[in-house]
S.K.: 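I have a structure here, written as structure tokens, and I will follow up with some questions on it.
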Amino acid sequence: MEPKVEATELQYRSGICGHKPGSIGFGFDDIRGLISTPPPPPPETGSSFTALLELPSPQAVELLVNSPEAADEEFAAKHNIAHFAPPEIYLSNIALIDHASKFSALASADNSTENYSMPTVSCSKKLDVVKQEQMDSDSKPNGSSPAVSDQKLKSSKRKETEKKVKESNKKSKRVVPNEASEDGGEKLPYVHVRARRGQATDGHSLAERARREKINARMKLLQELVPGCNKISGTAMVLDEIINHVQSLQSQVEFLSMKLAAVTPRFDFNPDALLAAESGSPNDSSYPGIFTPSIWPEGQINGNRQQNQQLWHLDGLHQPVWGGEENNSNFITPENSLLSYDTSGNSGAASLRSSR
Amino acid sequence: MTTLIMPSNHNSIKTRFTYRFARSLKKLNKNRPASQSMKETYRRYHMIRVASYASMASAVGPKRAWSRAVLWKIRNRTLHRTLMKKSRIHALRTRKVSGNPNDLRKLVPGGEGMDFSRLLNETAHYIKCLRTQVQIMKNIVDHCSN
């Protein structure tokens, strides 16, 4: 949904920027004048989108663009987006009368394009508040209009079709985030929530649903991490598995450190040789392949590079064998260098790891 | 005999952890005489374990809440050494009980003061780092025990 919104916003911006600022300011004032006068009644003719466009187009387009011929929807579509935009501004203003805050933002819209983005987005969303019954006719404008306006139509159409049974509460919650998120690449302060058919749309339920969706997404990630969790259904069991996994990992660390404590007094510990042996083949081991590109985006520290390069030399790779001590997990005997070990799942499920 | 092989990722957490851990191990072994008493081994075990967690946490850096918590805990550790030991032993004994979100909070360092979704995030990263840690320590042990 967001790319479409951005597309409309970009088109809108390009259209608006093409005009002189003065004319646009003039246009807004006149639009407000239009609003004060009673708006023409919504067309009874089959409730088409084209009728929707034709409605204010004679008045608004004349005011804004000063061109006499913008009466046809197709014509307006063929021309600049600016032809397209004014009716939407007009419609959005009608809808925005209810929302004082947004209206004040619209009123204060100077020549900055940022403010222009807002009415487009809000209007494309508010379109169905005004005309909710005009969904069926969207195929017509989609078929006839060329690509540029088609995109805009499609985006608004999609928004309309998505909100078949919606109340305005949900839209109000969504318009606000879009205002802040329209400036390409800014961080979203809100989570976009879409109320499906038959679901409650008051603020609390929306927030609750957003939170639940976040948690479910992260649980899915964790399920992929922990081996053997894919088959388990239900959050509680998955959480148990995760807890077991973490516990087993921690106990492995302790066991290994105990082993190290037992081993190292005999061994003159040489970190150079150790790191050398680890250089082996980081490419074919599963862990670096999985971890390093995607997971740790930590910044590059150039200081370490020099030292690492000196230390990374092979010092006779050997084939170490893991002695069978008491374990609480299965350690597969490695066949490669040190970094290319393949530990099986700690809960015994080795399928996930060995398949890679 | 010695050939230069460049690892694919110089600054991955793996290499950073390995380097730090190796350094700390070297330091540990330098200071301690090679005595085989159980007590000595036990003490050494504690220090090695702390060193491994510390090197992993510092390799991760302060970006993660759990690494910050680990480093903070270790820094404040010196004040309560005996207390920590006793609580550690107790934790070792009673750790295998399961039962949901509070346990996860106790397991993941720094997990007490987080909301659940953030806790899940930290858990994911923590699991990845723990796996790396285990893998490298295994490598070291195998390398040393040849």
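Each chain gets a letter, A, B and so on, in the order the sequences are listed, and its residues count up from 1.
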S.K.: Rounded to the nearest 0.5 Å, what separation is found between the CD atom of B/Gln133 and the CG atom of A/Leu249?
M.R.: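 It comes to 9.5 Å.
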S.K.: Measuring only between side-chain heavy atoms, which start at C-beta, is B/Lys138 closer than 4.5 Å to A/Phe255?
M.R.: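 No; the side chains remain at least 4.5 Å from each other.
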S.K.: I'd like to know if the side chain of B/Tyr126 pairs up with that of A/Gln250 as donor and acceptor (distance under 3.5 Å, no hydrogens or angles considered).
M.R.: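 Distance-only check passes for B/Tyr126 and A/Gln250.
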S.K.: Do B/Phe116 and A/Lys214 touch side chain to side chain, with heavy atoms closer than 4.5 Å?
M.R.: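 Contact flag for B/Phe116/A/Lys214 side chains = no.
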S.K.: With heavy-atom distances below 4.5 Å as the criterion, would you say the side chains of B/Tyr45 and A/Leu260 are in contact?
M.R.: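 B/Tyr45 does not reach A/Leu260 side chain to side chain.
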S.K.: Just verifying a value: how many Å separate B/Arg131 CZ and A/Gln252 CD, rounded to the nearest 0.5 Å?
M.R.: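 If we round to the nearest 0.5 Å, B/Arg131:CZ and A/Gln252:CD are 10.0 Å apart.
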S.K.: Which atom pair, heavy atoms only, marks the closest approach of B/Met137 to A/Val253?
M.R.: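 Smallest interatomic distance, heavy atoms only, reads CE-O, 3.7 Å.
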S.K.: For A/Arg211, look at atom CZ and say whether over 12 heavy atoms of other residues, nucleotides or ligands are found less than 6.0 Å away.
M.R.: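 No - once you tally the heavy atoms of other residues, nucleotides and ligands closer than 6.0 Å, there are 12 at most.
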S.K.: Would you mind checking which part of B/Thr123 comes under 4.5 Å of any heavy atom in chain A, side chain (CB onward), backbone (N, CA, C, O), both or neither?
M.R.: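 B/Thr123 touches chain A through backbone and side-chain heavy atoms alike.
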S.K.: Calculate, to the nearest 0.5 Å, the distance between atoms CD and OG belonging to A/Glu254 and B/Ser52 respectively.
M.R.: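 So the CD of A/Glu254 and the OG of B/Ser52 are separated by 9.0 Å.
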S.K.: Using non-hydrogen atoms and a 4.5 Å limit, figure out which bit of A/Leu222 sits close to chain B: side chain, backbone, both or neither.
M.R.: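 It is the side chain, since no backbone atom gets that close.
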S.K.: Measure the spacing between CD1 of A/Ile215 and CG of B/Asn121 and express it to the nearest 0.5 Å.
M.R.: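 A/Ile215 CD1 to B/Asn121 CG: 11.0 Å, rounded to 0.5 Å.
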S.K.: In Å and rounded to the nearest 0.5 Å, what is the CD1 to CG distance from B/Ile136 to A/Leu256?
M.R.: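 Result: 11.5 Å between the selected atoms.
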S.K.: Starting at NE2 of B/His46, measure out to OG of A/Ser257 and round the result to the nearest 0.5 Å.
M.R.: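 Here the interatomic distance stands at 9.0 Å.
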